[in-house]
Structures are given as C-alpha cells and as structure tokens.
Amino acid sequence: MARPANMVAPWPSILHVHFFFLFSISILSLRPEICLSYNLVNETDRISLLEFKAKIAADPYGILSSWNDSVNFCKWQGVICGRKHHRVTSLNLHGLSLSGTISSYAGNLTFLRVMNLADNGLVGKIPAELGSLKKLVTLFLGPNNLTGKIPHSVGNLSSLQRFYVSYNHMEGNIPNELGQITSLTVLALGPNNLVGSIPSNLYNMSSITVLSVSQNQLHGKLPANIGLTLPNLQIFGIGMNQFSVSIPLSMTNASYLEIVDISANSFTGQVPINLGDLKGLQRLNLELNFLGNNSSKDLAFITSLSNCSNLQALSLADNNFGDVLPSTIVNISTLGDLSLGRNQISGRFTCWHITVAIIFILAKPAFSRKKREIYSLLQVNMIDLPELLVSALGQHKTLLLFL
Ligand SMILES: *[C@@H]1O[C@H](CO)[C@@H](O)[C@H](O)[C@H]1NC(C)=O
Ligand SMILES: *[C@@H]1O[C@H](CO)[C@@H](O)[C@H](O)[C@H]1NC(C)=O
Ligand SMILES: *[C@@H]1O[C@H](CO)[C@@H](O)[C@H](O)[C@H]1NC(C)=O
Ligand SMILES: *[C@@H]1O[C@H](CO)[C@@H](O)[C@H](O)[C@H]1NC(C)=O
Ligand SMILES: *[C@@H]1O[C@H](CO)[C@@H](O)[C@H](O)[C@H]1NC(C)=O
Ligand SMILES: *[C@@H]1O[C@H](CO)[C@@H](O)[C@H](O)[C@H]1NC(C)=O
Ligand SMILES: *[C@@H]1O[C@H](CO)[C@@H](O)[C@H](O)[C@H]1NC(C)=O
Ligand SMILES: *[C@@H]1O[C@H](CO)[C@@H](O)[C@H](O)[C@H]1NC(C)=O
Ligand SMILES: *[C@@H]1O[C@H](CO)[C@@H](O)[C@H](O)[C@H]1NC(C)=O
Ligand SMILES: *[C@@H]1O[C@H](CO)[C@@H](O)[C@H](O)[C@H]1NC(C)=O
Ligand SMILES: *[C@@H]1O[C@H](CO)[C@@H](O)[C@H](O)[C@H]1NC(C)=O
C-alpha cells in the first residue's frame with residue numbers, strides 16, 4: 001500500500017510555493033511600501049549619485065567602484081538610505097582623498113540629511129543647487145580645495161544645523177542668507193579667503209553655539225550686544241582677521257563660552273574687567289592685538305579669571321598691556337599655557353607654584369621687538385618658546401631662568 005514516490009514528492013514543493021505565495025500576499029497587504037520600494041526605487045537618486053561619481057576625477061581607494069548597477073544604490077559605499085522610502089539620507093565620503101568637483105546633481109538628493117565630503121581634495125565651486133536640500137542637517141565640505149563664493153542658496157537649507165566649510169579657498173563675502181537658517185548651531189567658515197564683514201543678522205542667530213571665521217580677511221567691529229544676541233555661544237573664533245575696535249562688555253553675558261580666540265586682529269581698549277564671569281572658559285587667546293594702553297589698569301581682569309575653574313590656556317602676548325602682573329594669576333589653578341611676551345608687563349616674579357617655570361628673556365633682539373620679553377609657563381608645555389629653550393628645560397618642572 002505504499003504510495004508511489006512520484007505522488008508524494010510534489011507536495012513539499014507545492015506546499016512551499018503555496019506558503020510562499022500566501023506569505024508574500026500577507027506582506028504585501030500589511031507593508032505594501034516595502035515591496036513597492038524595491039520595484040520603484042527613485043531613479044532621481046540613482047542618477048544623481050552616478051552623476052556625482054562622474055565628476056570625481058580620482059578615487060585612490062576605489063570606493064566609488066562599488067557604485068555600479070550590480071547592487072541597489074542604497075548599498076553603495078558611503079550611501080545610506082531611509083528604510084521606508086529608500087531615498088538617500090546620508091552621503092559620507094569623508095577622508096577618501098577624492099579629487100574632482102561636486103556635481104550639481106547632488107542637489108537632487110532631496111531626502112539627504114547628512115553630506116560629509118570633508119578631508120578630500122575636491123576643487124571647484126559649491127554648487128548653488130545644494131540649496132534645494134531642504135532636509136539637510138549636516139554639511140561638511142572642508143578641508144578641501146574648493147573655490148568661488150559661498151552660494152546665496154545655502155540660506156534655503158532650512159533644516160541645516162552644522163555648516164562646515166573650513167580649510168578651503170572660498171572667496172567673496174559671507175552671504176546674508178545664512179542668517180535665515182534658524183536651526184543653525186555650528187558655522188565654521190575659516191580658514192578661507194573670505195572678505196567683508198560678518199553680516200549683522202548672523203549676530204542675531206541665538207541658536208549658534210560655534211562661530212568660527214578664523215583666518216580670513218574679514219573686518220568690522222563686534223556689535224555691542226553680541227553676548228546677549230548669541231547667548232548660546234561656546235566657541236568664538238575670529239582670529240587672524242582684521243576685526244577692530246573694542247571687546248564688547250556684553251561678551252561676559254554669553255555665559256557658555258569655553259573658547260575665545262580673537263588673536264591677530266586690531267582690537268584696542270581694555271579687556272572687560274569681569275571676564276571671569278565666563279566660568280566655563282577653557283582657552284582665551286587675545287594675542288597680537290593692541291589691547292591695553294600701558295596703564296596700571298590693563299590687567300585688572302586677571303583677578304576675575306580665578307573664577308574660571310577650567311581655564312587651561314591664556315595668551316596676552318603682543319599687545320600694549322602695561323601694569324604689574326597681578327599675583328592673583330596663581331589662583332588660575334588649571335592654567336597650563338600662559339603667554340605674556342611682547343608687552344610692557346612688569347613686576348617681581350617669584351616661583352609661586354611647584355609646577356611654575358618662569359623665564360625672563362632680556363634684550364634678545366632676535367626674539368623681540370621690545371626691550372624685554374617675559375615668558376611664563378606652567379608645566380613646561382608652552383608652545384611659543386624658542387625651540388632651544390624648550391630643549392634646555394627638559395623635564396624640569398620648576399625652573400627660574402634669567403638670560
Ligand atoms: C523621485 O524623487 C523626485 C524628487 O524628490 C520626485 O520628483 C519624483 O517624483 C520621485 N520619483 C518617484 C518614482 O518616486
Ligand atoms: C560593482 O560593485 C560591487 C560591490 O557593490 C563590486 O563587488 C564589483 O566589483 C563592482 N563592479 C565593478 C565592475 O566595479
Ligand atoms: C537634477 O539636477 C540636474 C543638475 O542640477 C538637472 O539638470 C536635472 O534636471 C535635475 N533633475 C533630475 C530629475 O535629475
Ligand atoms: C590643496 O591644494 C594644494 C596645492 O594646490 C595641496 O598642497 C593641498 O594638499 C590640497 N589640499 C587638499 C585638502 O587636497
Ligand atoms: C530659495 O528658495 C526660494 C523658494 O524656493 C527661491 O525662490 C529662491 O530663489 C531660492 N534662493 C536661492 C538663492 O536659491
Ligand atoms: C536682530 O534682532 C533684533 C531683535 O529681534 C532686531 O531688532 C534687529 O533688527 C535684528 N537685527 C538684524 C540685523 O537682523
Ligand atoms: C550682562 O552682564 C552684565 C555684567 O556681567 C550684567 O550686569 C547684566 O545684567 C547682564 N545682562 C543680562 C541681560 O543678562
Ligand atoms: C588707559 O585706559 C584706561 C581705561 O580705558 C583709561 O582710564 C586711561 O585714561 C588710559 N590711559 C592712557 C594713558 O591712555
Ligand atoms: C609704558 O609706561 C612706562 C612707565 O610709565 C614707560 O616707561 C614706557 O616707556 C611706556 N611704554 C610704552 C611703549 O609706551
Ligand atoms: C567669583 O565669582 C563670585 C560669584 O559670582 C563673585 O562673588 C566673586 O567676586 C568672583 N571672584 C573674582 C575674583 O572675581
Ligand atoms: C587665591 O584665592 C584664595 C582663596 O580664594 C585667596 O585667599 C588668596 O588670597 C588668593 N590669592 C591671591 C594671590 O589672590
């Protein structure tokens with residue numbers, strides 16, 4: 001009574017087909033978008049990526065060879081798609097030594113949230129078409145060798161939070177339109193070759209936490225109320241430009257400030273005496289300006305800095321500071337780097353602290369434009385010492401030198 005094998009054999013495969021069929025239908029009815037998306041992937045994204053690839057002249061790691069039609073573009077290296085729509089949400093090609101230009105087709109990746117092309121050798125302009133990326137949150141374009149102006153269309157990036165175009169060769173003005181982006185928190189525009197002033201509406205962007213325009217050719221004065229209009233500022237870097245006039249008193253109202261670098265500009269006048277109200281201050285660089293007026297009030301602000309319990313670096317070098325160095329400086333207990341050279345600071349220096357080394361360099365014309373230079377350092381890690389002296393210091397933690 002054994003059944004013929006040929007009658008039994010088909011069952012499993014029939015069952016299988018049947019089961020698979022049912023299973024497919026139930027998936028289709030429950031989650032139709034999953035099945036549909038594989039069939040109707042957005043051609044615009046695929047074409048945009050291929051056009052992007054076509055503008056890359058060199059790809060030494062061969063990353064873009066995976067960008068071919070043997071697999072869905074969502075699996076191409078550096079590409080991430082949204083699960084639901086299968087649209088490109090992230091393009092991360094950071095640090096791959098790519099050269100070539102940025103295709104304007106990148107502006108058609110309309111679901112893009114992250115574009116990171118930093119640390120490559122890209123040249124040419126930032127395509128104005130990128131302004132249509134309404135969902136873009138992060139745009140990292142530097143270091144590269146990009147040129148041309150920052151397109152006005154970036155003001156249309158209404159979701160943008162981080163815009164980083166540092167270490168390029170961007171020219172022209174900072175576009176006013178950046179001030180329209182109410183979500184912007186990080187704006188890093190230097191080093192570049194930008195000219196003009198910072199548009200006044202940028203100083204009104206209360207969302208900003210990092211404003212860095214160091215190493216450009218920008219000028220102008222800082223608005224008197226800057227610390228009130230940028231209350232969330234943590235990093236303020238405008239070094240190596242041509243900013244002038246005084247440090248606004250309201251700076252102390254930006255109470256989250258951690259790093260302030262206004263070095264190598266043309267600031268004059270006195271440093272706000274209550275600068276130490278910025279209790280989170282970690283680095284303060286005022287060097288290479290015209291601050292102070294060779295008077296006995298010039299360093300009064302140093303006393304307040306003892307309230308900055310994280311202050312690690314302070315440079316006052318190359319200014320017009322007079323005054324006796326206040327002994328309260330020893331109360332900035334976290335200070336590692338202190339630079340006072342090329343001022344008219346005077347006073348009797350003693351070894352206040354076990355880790356303090358103080359160096360007086362008198363009449364060394366090779367180093368100084370003035371009669372006397374004073375370097376003071378803690379923990380022997382100051383960077384602007386002549387090489388020779390650094391090696392002489394060796395591992396000594398406490399040292400007093402008169403040369
Ligand atoms: C693909 O995306 C573009 C731009 O977002 C849109 O205009 C087009 O309708 C989409 N096509 C499909 C098939 O979804
Ligand atoms: C296409 O991409 C796949 C990986 O996605 C890769 O294995 C293959 O070598 C690529 N083909 C070509 C012709 O580069
Ligand atoms: C994408 O962008 C290019 C260049 O910016 C444009 O010519 C093209 O019409 C756009 N649209 C599609 C669907 O590719
Ligand atoms: C930019 O170009 C210069 C020479 O023109 C080159 O030395 C430098 O490495 C390039 N930078 C990048 C990030 O490719
Ligand atoms: C910004 O977007 C608006 C509306 O889409 C458009 O009219 C305008 O031309 C865009 N601006 C720039 C500079 O692209
Ligand atoms: C900055 O904001 C203040 C108050 O909202 C406003 O009065 C002023 O016109 C704004 N300035 C700029 C340049 O947008
Ligand atoms: C700004 O700071 C000054 C001095 O630190 C203080 O007197 C003033 O009340 C502050 N203003 C605001 C609006 O917080
Ligand atoms: C130096 O500046 C202080 C504070 O601004 C001022 O009171 C003093 O008169 C100035 N002294 C000289 C010599 O300019
Ligand atoms: C600074 O003031 C001191 C004492 O008043 C004076 O000897 C010195 O020449 C002044 N230096 C400068 C550069 O004005
Ligand atoms: C440190 O801060 C406290 C509280 O804000 C203040 O009373 C004190 O005067 C400050 N000390 C110095 C040296 O400025
Ligand atoms: C350093 O701070 C302590 C405690 O606040 C104070 O007693 C001392 O006088 C200060 N030292 C100097 C040199 O101001």
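Atoms within each ligand, like the ligands themselves, are counted from 1 in listed order. Treat the numbers as computed from the prediction; the structure is a model and nothing was measured.
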- [ ] Enumerate the residue pairs fulfilling side-chain hydrogen bond (donor to acceptor under 3.5 Å, both in side chains) with a member in residues 168-177, sequence neighbours excluded, ordered by first and then second residue.
- [x] Asn145-His169, His152-Glu177
Open item on the list: Regarding Asn201 and Asn204, do their side chains bring together a donor and an acceptor under 3.5 Å, going by distance alone?
Closed with: no
TODO: Mind jotting down which residue pairs meet the side-chain hydrogen bond (donor to acceptor under 3.5 Å, both in side chains) criterion with at least one end in residues 54-70? Sequence neighbours excluded, please.
DONE: Arg46-Asp69, Asn68-Ser70
Task: Proximal ligand 2 atoms for Ser70, defined as those under 4.0 Å from one of its heavy atoms - done: 1 (C), 2 (O), 3 (C)
Task: For Val71, atoms of ligand 2 separated by under 4.0 Å from a heavy atom - done: 5 (O)
- [ ] Any disulfide bond (SG atoms under 2.5 Å apart) involving residues 61-136? Give me the pairs, sequence neighbours left out, ordered by first then second residue.
- [x] Cys74-Cys81
TODO: Using modelled atom types only, decide if a donor and an acceptor are shared between the side chain of Asp45 and the backbone of Val88 within a distance under 3.5 Å.
DONE: yes
Open item on the list: Considering both backbone and side-chain atoms of Asn68, is one of its nitrogen or oxygen atoms within less than 3.5 Å of a nitrogen or oxygen in ligand 2?
Closed with: yes
Open item on the list: Taking 4.0 angstrom as the limit and counting only heavy atoms of Lys279, give me the atoms of ligand 10 inside it, by number and element.
Closed with: 2 (O), 5 (O)
Open item on the list: As a test of understanding, state which of Leu218, Leu222, Asp261 forms a side-chain contact (heavy atoms from CB on, under 4.5 Å) with Ile238.
Closed with: Leu222
Task: Flag for Arg87-Thr110: side-chain donor and acceptor within less than 3.5 Å - done: yes
Task: Point-to-point distance, once rounded to the nearest 0.5 Å, from CE of Met115 to CG of Leu93 - done: 9.0 Å
Name each N or O atom in ligand 3 that is under 3.5 Å from a protein N or O, and give the partner atom and the distance.
from: ligand 3; atom 1: 2 (O); to: Asn108; atom 2: OD1; distance (Å): 3.3
from: ligand 3; atom 1: 2 (O); to: Asn108; atom 2: ND2; distance (Å): 2.4
from: ligand 3; atom 1: 5 (O); to: Ser104; atom 2: OG; distance (Å): 3.3
from: ligand 3; atom 1: 11 (N); to: Asn108; atom 2: ND2; distance (Å): 2.9
from: ligand 3; atom 1: 14 (O); to: Asn108; atom 2: ND2; distance (Å): 3.1

